[in-house]
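These notes are about the structure you will find just below.
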Amino acid sequence: MKYPRLDVDCTKIQQNAQFLIGKLSLKNISVTPVTKVFLGHPIIAKVLVTAGAKMFADSRIENIQRMTNAGITTSKMLMRTPMLSQVATVVRCCEISLNTEIIVIQSLSRAAKQSNINHGIIIMVELGDLREGVMPERIVGFIRKIISLPNITIRGIGANLACRYGIAPDDIKMSLLSDLANEIEAQFGIHLDIISGGNTASINWALTSTNLTRVNNLRIGEAIFLGFESLMNEKIIGLHDNAVTLSAEVIESKIKPSLPWGSRGLNAFGEKDIICDRGTVSQAILALGRQDVCVTGLSPPTGMQIMSSTSDHLIIETTGEPLLVGQIVKFTLDYSALLSCMSSRYVHKVFSTT
Ligand SMILES: *Cc1c(COP(=O)(O)O)cnc(C)c1O
């Protein structure tokens, strides 16, 4: 075995996806799995197809191309508003992109016309989290400017919440999106077939809301892979929260003082933590560091505490038995930890089925 190692249980991921697709379909909401945290890995894409996914969403064109090149023919949505420099690739590789800029949509239109294809767009509405989106009061004027562009079909509208500021997708926000959809349809005499109400953070709203809503789609990553909801940092009942784990190997284990000695400046990362003397401690070093993973997103087993990290070392203190050199320690991960592990070439990825 090679370490550090990211273990991905594809069976659990498939069950998570199936569970959410099933539950939300009872509310007439489709699930578009979001593949970005797995960098569009074809194994994960295939698992999601088996679970019933009808479309994938990713924020990076490279990930979308990776799935296409692996023979995955499921339609794909680019979730980050396209760069002007990549519109030709976008219209070739994606059926739909999420958009917020007129100049980009004009450019997509020209590229689509040149390639003689039709490109679908979803217009993102700003609902208060202040990431992407057209301000709600400007949406009608925005659509007026793009409605007759050739080779562009307005497939719907969408919103993204709970990302930058943790603004909650509640009944008020979702009703606003719903009402806007109705207003746009009345104003322009078009039908919007996708009303995309957000990400993992919208699941609780979707499952509990009793209001009539036009929202009929969610773009979901975190819940499928981690079984967690980031807004309240809660486990989602019915989902596995241990489909993904990270294992690392102990390379040193010693009893040491907790207080460093000598004159002290900043550490290698420009930081200076406050330290108090706790006497001697049982300290272990794992061969895992910031070049492998966003350390703040790791949870160690009980009885162990992550104290510090450098590029290549993770320092852990244990309250029980000291760790042994060669011993493997297994962590659970949050979204940023998973994203960083997947993006690190030093972490061995192992996909399995149970
Ligand atoms: C990443 C992303 C998502 C998925 O978010 P999760 O919290 O992983 O479900 C949805 N929509 C957009 C626009 C995103 O960038």
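Just follow the structure's listing: the first ligand is 1, and inside any ligand the first atom is 1.
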Salt-bridged, Lys36 to Asp58, with N to O below 4.0 Å? no
Are side-chain N/O atoms of [X] and [Y] paired as donor and acceptor at under 3.5 Å?
| X | Y | answer |
| --- | --- | --- |
| Gln65 | Asn69 | no |
| Arg92 | Ser115 | no |
| Ser30 | Asn217 | yes |
| Trp205 | Asp171 | yes |

Using the test ring pair (Phe, Tyr, Trp, His ring centres under 6.0 Å), find all partners of Phe38 that sit at least two apart in sequence or belong to another chain. Phe225
Counting only heavy atoms closer than 4.0 Å, does ligand 1 sit against the backbone of Arg80, its side chain, both, or neither? neither
Proximity of Arg131 to ligand 1 by residue part, where a heavy atom lies under 4.0 Å: side chain
Which value, rounded to the nearest 0.5 Å, describes the distance between Ile122 atom CD1 and Ile194 atom CD1? 4.0 Å
N/O separation below 3.5 Å, [X] to ligand 1:
| X | result |
| --- | --- |
| Gly221 | yes |
| Arg219 | yes |
| Asn160 | yes |

Counting each atom of ligand 1 from 1 as listed, which ones have a heavy atom of Glu132 under 4.0 Å away? 13 (C)
Just jot down the ligand 1 atoms closer than 4.0 angstrom to any heavy atom of Ile220, in number order. 9 (O)
Got the closest protein heavy atom to [atom], with its distance?
| atom | value |
| --- | --- |
| atom 8 (O) of ligand 1 | Glu222 N, 2.8 Å |
| atom 5 (O) of ligand 1 | Asn199 CB, 3.3 Å |
| atom 14 (C) of ligand 1 | Lys36 NZ, 3.0 Å |
| atom 9 (O) of ligand 1 | Thr200 OG1, 2.5 Å |

Give every donor-acceptor pair under 3.5 Å between a side-chain atom in residues 230-249 and any protein atom, sequence neighbours left out.
unit_1: Lys235; atom_1: NZ; unit_2: Leu239; atom_2: O; d: 2.7
unit_1: His240; atom_1: NE2; unit_2: Gln15; atom_2: OE1; d: 2.6
unit_1: Asn242; atom_1: OD1; unit_2: Lys12; atom_2: NZ; d: 3.4

Sub-4.0 Å heavy-atom approach of Tyr335 to ligand 1: yes
